[in-house]
Amino acid sequence: MALHRRTSTVRGRALPVLATVAVLLATGSAAACSSGVVGTPRPVDHPAAGPLGDLLVDASAFPEPYRAIVLPPSAVAQAAPDLTGVPPGARVDPAGCKPPAQDYGPDGTAMVVGTDAASRATVTVELVRTRTPLAELAAQLTECPTVTTSHNGVDATVTTVLTPPPPADADATLALRRTVTSGNVDRAVTQSMLTLLGQIGDVRVQATAMSFGSDQGAANLDTTAVDELFTAALARVSAAR
C-alpha cells in the first residue's frame, strides 16, 4: 500500500500518517525498579544479519483486533516521525530537543503497523539500524521532557516521561510514555503513546501502542499487545544476530 502524504481531519487538525493507515485499513484498503536504560552498556558493534525487513515480526503475529500491514519504504519516512511527535521540518523549542537523525530507507528503518478498526488505536513495531546507544536517547529525553513544535501552522506540545521498562532479552532497554497535544482548548487533539525500546547489536527494536482522543486515551493503551509484540520482535532480531 503506497502512502503519500494523505491526511484525514479530526476536529480541525490533520491527523498524522499512522491515523491515515488506520482509516485505510478500516475501510479495507490496501523488570526494572526505576526508569531509564536497563542493561549493561556495551559498544553497538554486533550487527544483526539480513535486511531489516526480513527481521520484522510477521503481520500475522498481531493479536486480535489488530489488522497489520508492513509499510512500504515510501510510507516509512512519513509514518515513523509520528511516533516521535515531531513532523519532519517542524520548528522545535528547545531547538536541541529535535529527535535524532534517522535513516528512513529500507536499510535504516522497517515498520509493521496493526490497527484496531473500531477505535483507530494502533500498535507499531519499528526496527531502526543505529550505532547510537539507547543511553544517549535516554539522556536527551531526560533533558527534554516537554517540547513544543510548529509545522504548517499547527502548534503542538510533546510530553515524554521515562518509565520502568519490562524485563527483556536485549543489550539495553528503555520505556516511555508520550502525549502529543495540538490545537486550541476547544479543538484539542491528543495522541497517547507507550513505547518499549530494546537494543540488540546495531538494531533498535521499538514497539508502540498509540490511541487518539482525550487524556483517557493513555489509560486505554493496549499494554498487553505491545509487550507481546515487543518480546516477539526482540526474539526475531536476536535469532539473526
Side-chain angles (χ1 to χ4, degrees), residues 1 3 6-11 13-26 56-57 59 61-71 75-88 90 99 102 104 109-128 137 141 147 149 151 154 156-163 165-166 174-183 188-198 204-230 232-233:
M1 176 179 59
L3 293 180
R6 289 187 272 181
T7 59
S8 56
T9 302
V10 173
R11 302 177 66 185
R13 176 183 179 258
L15 288 176
V17 171
L18 279 174
T20 306
V21 172
V23 172
L24 291 173
L25 288 177
L56 276 175
V57 294
F62 281 64
E64 292 292 341
Y66 299 99
R67 182 179 175 189
I69 182 170
V70 176
L71 296 189
V76 168
Q78 301 168 55
D82 289 346
L83 303 181
T84 69
V86 180
Q102 182 172 334
Y104 296 120
T109 305
M111 298 176 70
V112 55
V113 182
T115 305
D116 178 348
S119 66
R120 294 186 303 108
T122 63
V123 178
T124 301
V125 174
E126 178 181 7
L127 302 184
V128 179
L137 176 62
L141 295 175
V147 302
T149 70
H151 185 252
V154 176
T157 300
V158 183
T159 303
T160 305
V161 179
L162 298 184
T163 62
L174 183 69
L176 60 90
R177 284 185 177 269
R178 175 173 285 147
T179 58
V180 183
T181 304
S182 60
V189 173
T190 300
Q191 295 168 243
S192 299
M193 289 174 265
L194 166 66
T195 300
L196 306 179
L197 304 93
R204 182 171 298 165
V205 177
Q206 304 180 174
T208 300
M210 178 190 291
S211 65
F212 300 88
S214 65
D215 291 340
Q216 189 176 358
N220 295 331
L221 291 171
D222 194 339
T223 57
T224 300
V226 76
D227 185 64
E228 290 176 354
L229 289 166
F230 180 60

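Computed from a predicted model, the values in this text were never measured in an experiment. Throughout, residue positions are numbered sequentially from 1 according to the sequence presented.
- How far CZ of F62 is from OG1 of T124: 7.0 Å, rounded to the nearest 0.5 Å.
- Under the side-chain contact (heavy atoms from CB on, under 4.5 Å) test applied with R204, the options L197, T109, L127, L174 reduce to a single match, L197.
- Proximity of L221 to V226: side-chain heavy atoms (C-beta onward) are nowhere separated by under 4.5 Å.
- Of the inter-residue distances, the one linking L229 atom CG with L196 atom CG reads 10.0 Å to the nearest 0.5 angstrom.
- Residues that satisfy the side-chain contact (heavy atoms from CB on, under 4.5 Å) test with A77, not counting sequence neighbours, are Y104.
- Counting all heavy atoms, side chain and backbone alike, P165 lies closest to A175 at CA-CB, 3.6 Å.
- S182 and V154 make their closest contact through CB-CG1, 4.1 Å (heavy atoms, listed as atom of the first residue, atom of the second, distance).
- For the residue pair A225 and V123, the shortest heavy atom distance occurs at CB-CG2, 4.4 Å.
- Legend: residues meeting side chain to side chain donor-acceptor pair (under 3.5 Å) with D222, ordered by chain and number and at least two apart, are Y66.
- In this structure, CE on M210 lies 11.5 Å from CG on L194, to the nearest 0.5 angstrom.
- Across all non-hydrogen atoms, the minimal contact from L83 to E126 is CD1-OE1, 3.4 Å.
- Side-chain contact between L71 and Q78 is absent, with no heavy-atom pair separated by less than 4.5 Å.
- Counted by atom type alone, R178 and T160 present one or more donor-acceptor pairs between their side chains at under 3.5 Å.
- Not a single donor-acceptor pair under 3.5 Å links the side chain of H151 to the backbone N or O of V86.
- A distance of 5.5 Å separates CZ in F212 from OG1 in T122, rounded to the nearest 0.5 Å.
- Here the CG atom belonging to L176 is positioned 7.5 Å from the CG atom belonging to L137, to the nearest 0.5 angstrom.
- Between the R177 side chain and the S192 main chain, no donor and acceptor come within less than 3.5 Å of each other.
- With a 4.5 Å cut-off on side-chain heavy atoms, Q102 and T84 do not count as touching.
- In this structure, CD1 in I69 is found 12.0 Å from CE in M111, a value given to the nearest 0.5 Å.
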